[in-house]
Amino acid sequence: MSSPFRKATSMGELEVEKHANYILSVEKKKDDFESVVMEHLRINGAYWGLTTLDLLGKIDEVNSEEVVSWVMKCQHESDIAGLQNDDGSFSGDMWGEVDTRFSYIAICSLALLHHLNKINVDKAVKYIVSCKNLDGGFGCTPGAESHAGQIFCCVGALAITGSLHHIDKNLLGWWLCERQVKSGGLNGRPEKLPDVCYSWWVLSSLIIIDRVHWIDKEKLVKYILDCQDKEKGGISDRPDDAVDVFHTYFGVAGLSLLEYPGLKAIDPAYALPVDVVNRIFFGR
Ligand code: 3PZ
Ligand code: ZN
């Protein structure tokens with residue numbers, strides 16, 4: 001049996017134990033103020049926290065029966081396919097806000113469920129392509145400014161549907177690699193500060209279009225490691241800021257894309273560990 005974990009070739013600086021304990025501690029204190037404010041984010045938080053633990057090799061620390069029964073309580077009557085609009089776009093919910101983020105979530109989720117046939121994929125792809133800009137990037141609606149988070153959603157959805165021929169890889173690769181700043185970190189738009197979460201949005205897109213060699217990977221690894229709270233665990237957006245589950249996940253996921261030793265590999269389009277994706281699609 002081959003292990004899904006990469007063999008450690010050098011002594012890592014990633015505080016694996018501390019980050020796992022940080023995630024587990026956030027999961028336990030559900031009733032304090034911060035958790036109440038973040039209530040609507042609980043399902044996102046569960047995904048960020050659980051995926052982080054899995055990448056770190058610590059998923060056995062959670063009780064999966066408890067998690068599954070809680071997730072099941074979040075399911076609504078409606079389903080995803082009913083949120084597709086006539087122009088191929090997707091609304092986030094019944095109130096109707098339209099955004100390419102929702103196109104990605106719909107396409108990714110239905111692919112994982114083996115139910116892509118329940119939507120009009122051609123129209124969904126056409127809508128995403130209509131959000132492409134002259135700089136090679138993508139926005140949230142047609143004509144909206146390019147943004148790295150939106151680019152991930154559009155590139156990821158095009159990858160899942162086998163539609164990457166709609167992308168000018170050199171033009172988009174250029175825009176994406178320009179996101180790396182002096183410190184080694186990545187920003188989401190020109191003139192903005194670097195932020196650990198863009199390690200994910202930018203890097204995953206660069207990998208999908210096969211242009212990741214256009215950035216300095218070693219400097220980015222160092223930037224992410226510099227954003228760790230080495231005492232209490234967790235990763236922040238920038239060095240010395242407060243940590244949160246979101247940036248801890250995207251930091252660890254970014255390091256996984258950068259092939260940091262000791263971490264499970266993550267799939268850049270599905271944003272799930274590669275072994276999980278293989279289990280879903282190939283049953284192994
Ligand atoms: C953060 N959300 O709108 S949010 C999010 N941001 O719900 C969660 N990088 O103030 C956490 N910025 C922290 N734990 C931040 C999720 C945002 C992204 C804000 C952020 C991240 C820089 C300013 C939008 C998937 C889902 C949601 C988003 C992006 C991707 C905030 C501010 C906003 C939000 C939550 C908390 C701390 C955590
Ligand atoms: Zn961020």
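For this chain, numbers begin at 1 and follow the sequence in order. Note that ligands are numbered from 1 as they come in the structure, with each ligand's atoms numbered from 1 the same way.
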- Nearest heavy atom to atom 28 (C) of ligand 1 wins, so pick from Y198, F246, W201, W200.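 Answer by nearest heavy atom: F246.
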- Message: For D237, which part has a heavy atom under 4.0 Å from ligand 1: side chain, backbone, both, or neither?
- Response: neither
- Message: Whether the E145 and N133 side chains hold a donor-acceptor pair (N or O, under 3.5 Å, no angle test) is what I'd like checked.
- Response: no
- Task: Determine whether the side chains of S236 and D229 contain a donor N or O and an acceptor N or O closer than 3.5 Å.
- Result: no
- Same hydrophobic cluster for V277 and I280, using side-chain heavy-atom links shorter than 4.5 Å among ILVMFWY? yes
- For the residue pair Y270 and F281, categorise the inter-ring angle as parallel (less than 30°), tilted (30 to 60°) or perpendicular (more than 60°). tilted
- Message: Check the orientation of W48 and F246. Use parallel for under 30°, tilted for 30 to 60°, and perpendicular for over 60°.
- Response: perpendicular
- Query: If you measure from the Lys or Arg side-chain nitrogens to the Asp or Glu carboxylate oxygens, is any gap between K264 and D54 under 4.0 Å?
  - Reply: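 Result for this pair is yes, salt bridge flagged.
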- Query: So, is D237 placed with an N/O/S atom under 2.8 Å from the Zn ion (ligand 2), counting both backbone and side chain?
  - Reply: no
- Query: Given SG of C197 on one side and NE2 of H247 on the other, what angle do they make at the Zn ion (ligand 2), to 10°?
  - Reply: 120°
Ligand-residue contact atoms, ligand 1 with [X], heavy atoms, under 4.0 Å:
{"X": "H247", "answer": "9 (N), 21 (C)"}
{"X": "D244", "answer": "13 (C), 14 (N), 38 (C)"}
{"X": "C197", "answer": "9 (N)"}

- Does an N or O from D195, backbone or side chain, lie closer than 3.5 Å to an N or O of ligand 1? yes
